[in-house]
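Since we're looking at a predicted model, the values are computed, not measured.
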Amino acid sequence: MLKSLTIENFILFEKISVDFSKTFSVITGETGAGKSIVIDAIEIVTGGKASSDQIKTGEKQSYIEGVFDTNDTIKEILNHNGFDEIEDTIILSRTIQKASSKCRINGQLVSLNVFKEIGENLIDIIGQNDNQSLFRVDKHKKIIDSLGDDEHKKVLDNIKNINSKLTLVKKEYEELRKTTNENKRQLDFFKFQLDEIDDAELILNEDEELKNERELLIHAEDIINNLNKTYYELYDSDDEKSLCDRLNNLSNLLSASAEYDQEINQLYEQFESAIIQIQEIGRAAKNKADSISSNPERLSEVEDRLNIIIKLKSKYGKTIESIIAFSDELRTKVSQAENSEEKLGEIEKEIILLEKKYKEQSFLLTESRTKISKKIEPIIENELSELGMEKTKFKVNIITKSETFSDYGNDSIEFLISPNPGEPLRSLSKTASGGESSRITLALKMVLHKQTQVPTLIFDEIDTGISGKSALIVSQKLAKLSMFSQILCITHLPIVACMADSHFWIEKNVTNEKTIVTVSLLEHKERIEKLSQISGGESNKSSLKYSEEIFDNANLYKKNLLEKETNLVN
């Protein structure tokens, strides 16, 4: 809802600030006074086209600010665009400069696209077709669906779920098909690589063990000689006594003294332990020397095995572990390539089944949409008839494309209209602008007000070409609609103006060769005078009496309307 509007240095306005009624407001004034400037300002502050020509003569920039109540849709859009803390009221402002314009939401700079998206969900300016949600074909399907019952919504949910699964399965199919084709082209090569690795029968850490064995085989003779010499020196020295004999003699000397001193006894025990270890080392060295042989054939085998591993490392991985992992990948690819046709066949069957379910639900959805359309068509035509468009035909055009898949079924929906007998039905988006399109929109809003959730409706030139009874009906329908949406209307008709809850008067004055436009909220007495003025061009007893009568009748109608609505709620 538009709570207030501030305009500075815009066309003929110096500075004005207007607070609007929550329900129904009208703007009236003499022809050429500048009523359309207010609408231009509202359009700009909700994302419409701005021009440097709109800056008031002699000023550097224009500034327009609108304060709006938010709703869940607006909060969702703001959250999506990085606004964290959102109050129940937001401020949209636009600064127009010579070279550009700047858009702000709550003082924060935003792109024009974001600004416009917010504006489109706040206000419908009816009379400017490009900005009307009802004139946008992409909105028509959602409007019809919003009129559906619980069963209709259940079918919609089914379609969305099926299409979601179908999209995933089709993606899986395409990915597998591409992988399969690629794997098939390389299948022989994959098998060759896998055979080469499998034939090697690799064992983890085998290469390190082979390297150690190779070093042992290369230096076998030196190692045997060193080990045997170690054993010989310990046990079979050419000297009178071996090292072990001499160590045993030393042990006997310590033993002889150990019984006289505890510390010597400890030395003796340590020395005995050392002799035992040395003897074990000697025997181990002998055993190791006996187990080693200089084996050129085994060395050749080890070298060959290491060369095989080195070759595989150069092709498939830096370690045996990575080579084995690569072979596992190859095995998977070979298996996929060999079994992919069967898997693709299974997925194809799943796709066919899902498409069948989708089409079954889409058929039910089309039927439901058709029933909804048939129900609202005569209602809307009746509304148009009451608004002075008796011969107008309205149709919801549903075209089903059987091979189309989306979350919303396979229908395209568009509202068509024929305002005059003999004229073909045409797209609502291509109907004439002005009063005719305004009344068409008013009729649609009367039927669809709960489904079209834009909170503020601005009617421009809705009274063009109507008078008498049609004008009265227009005013009454606007009053009804204002119970669900905020209405702002520019009008030349007193019968429409008297129905509003707030009445603004726009006036143009020239002072010191300077044109200034002012906007004022009329009190009761002023309001009767202005109603009289727009009735016949001047105020007199007769016109004042007429104005008082239509004003009282309007208030009585609104009172009865409110009582009726209250009774319905209770």
Handout entry: Test side-chain contact (heavy atoms from CB on, under 4.5 Å) applied to Val26 and Met499, step by step
Key = CA-CA 9 Å; Val26 292; Met499 193 67 74; over 6 Å; no

Practice task
Could you walk me through whether Ile16 and Thr518 pass side-chain contact (heavy atoms from CB on, under 4.5 Å), step by step?
Solution key: CA-CA 7 Å; Ile16 66 161; Thr518 59; 5.7 Å; no

Practice task
Show your working on side-chain contact (heavy atoms from CB on, under 4.5 Å) between Ile516 and Asn509 and close with a plain yes or no.
Solution key: CA-CA 5 Å; Ile516 297 176; Asn509 297 297; 5.5 Å; no

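A salt bridge between Glu548 and Lys545 is absent, with no side-chain N of the basic residue lying under 4.0 Å from a carboxylate O of the acidic one. Of the charged side-chain nitrogens involved, at least one lies within less than 4.0 Å of a carboxylate oxygen, so that Arg369 and Asp145 count as a salt-bridged pair. Between Glu414 and Lys141 there is no salt bridge, since no side-chain nitrogen of the basic residue lies less than 4.0 Å from a carboxylate oxygen of the acidic one.
In this structure, Lys558 contributes its side chain and Ala500 its backbone to a donor-acceptor pair below 3.5 Å. With hydrogens and angles disregarded, a donor-acceptor distance shorter than 3.5 Å links the side chain of Gln486 to the backbone of Ser21. Judged by distance alone, with hydrogens and angles left aside, the side-chain atoms of Glu175 form no donor-acceptor pair with the main-chain N or O of Glu172 at under 3.5 Å. Without hydrogens or angle criteria, Thr46 side chain to Gly119 main chain gives no donor-acceptor distance under 3.5 Å. Under a 3.5 Å cut-off, the side chain of Asn382 and the backbone N or O of Pro378 do not form any donor-acceptor pair. At distances below 3.5 Å, not a single donor-acceptor pair connects side-chain atoms of His152 with backbone N or O atoms of Ser368. Side-chain atoms of Asn71 come within 3.5 Å of backbone N or O of Thr73 as a donor-acceptor pair. Side-chain atoms of Glu65 do not come within 3.5 Å of backbone N or O of Ser93 as any donor-acceptor pair. Put simply, the side chain of Lys391 never gets that close to the backbone of Pro419: no donor and acceptor are under 3.5 Å apart. The backbone N or O of Ile143 sits less than 3.5 Å from a side-chain atom of Ser146, completing a donor-acceptor pair.
Here the CD atom belonging to Glu87 is positioned 8.5 Å from the OG1 atom belonging to Thr70, to the nearest 0.5 angstrom. Rounding to the nearest 0.5 Å gives a distance of 13.0 Å between CD1 of Ile91 and CD of Gln108. Here Ser52 contributes atom OG and Gln61 contributes atom CD; the two are 13.0 Å apart, rounded to the nearest 0.5 Å. Separating the CG atom in Asn121 from the CD1 atom in Ile74 is a distance of 5.0 Å, to the nearest 0.5 Å. Between the CD atom in Glu526 and the CD atom in Glu529 there is a gap of 7.0 Å [rounded to 0.5 Å]. The CG atom of Asp407 sits 9.5 Å away from atom CG of Leu156, with the distance rounded to the nearest 0.5 Å.
For the residue pair Asp411 and Thr400, a side-chain donor N or O sits within less than 3.5 Å of a side-chain acceptor on the partner. Between Ser101 and Arg94, the side chains place a donor N or O and an acceptor N or O closer than 3.5 Å (distance only, hydrogens not considered). Side chain to side chain, His492 and Thr28 fail the donor-acceptor criterion of an N or O pair below 3.5 Å. With 3.5 Å as the limit, one finds no donor-acceptor pair spanning the side chains of Glu76 and Asn79.
Heavy atoms of other residues, nucleotides or ligands lying less than 6.0 angstrom from CG of Asp149 number more than 12. A 6.0 Å sphere centred on NZ of Lys22 holds no more than 12 heavy atoms belonging to other residues, nucleotides or ligands. The number of heavy atoms from other shown groups lying within 6.0 Å of CG (Asp150) does not exceed 12. Within a 6.0 Å sphere centred on NZ of Lys165, other residues, nucleotides and ligands contribute 12 heavy atoms or fewer. Annotation: Lys374, atom NZ; neighbour count of heavy atoms from other residues, nucleotides and ligands within 6.0 Å does not exceed 12. Sparse packing is recorded around NZ of Lys160, with 12 or fewer heavy atoms of other residues, nucleotides or ligands lying under 6.0 Å away. Within a 6.0 Å sphere centred on CZ of Phe83, other residues, nucleotides and ligands contribute more than 12 heavy atoms.
Phe405 and Tyr358 have tilted rings, their planes meeting at an angle from 30° to 60° on a 0 to 90° scale.
Nearest heavy-atom pair, Ile96 versus Ile55, reported as atom, atom and distance to 0.1 Å: O-CD1, 3.5 Å. Counting all heavy atoms, side chain and backbone alike, Ala471 lies closest to Ile495 at CB-CG2, 3.4 Å. Counting all heavy atoms, side chain and backbone alike, Glu383 lies closest to Ala443 at CB-CB, 3.7 Å. Looking at every heavy atom in both residues, Lys56 comes nearest to Phe10 through CB-N, 4.1 Å. When all heavy atoms are compared, the tightest approach of Ser373 to Ile144 is OG-CD1, 4.2 Å. Shortest non-hydrogen contact noted between Gln533 and Trp505 is NE2-CZ2, 3.7 Å.
Phe504 and Phe20 have their aromatic ring centers within a separation under 6.0 angstrom.
The only option from Ile550, Leu544, Leu522 that meets the side-chain contact (heavy atoms from CB on, under 4.5 Å) definition with Ile528 turns out to be Leu544. Applying side-chain contact (heavy atoms from CB on, under 4.5 Å) to Ser485 and the options Leu457, Thr23, Thr456, Asp124 leaves one that passes, Leu457.
The closest side-chain heavy-atom distance from His524 to Phe551 is below 4.5 Å. Ser502 has its side chain within reach of Leu521: a pair of non-hydrogen atoms, C-beta onward, lies under 4.5 Å apart.
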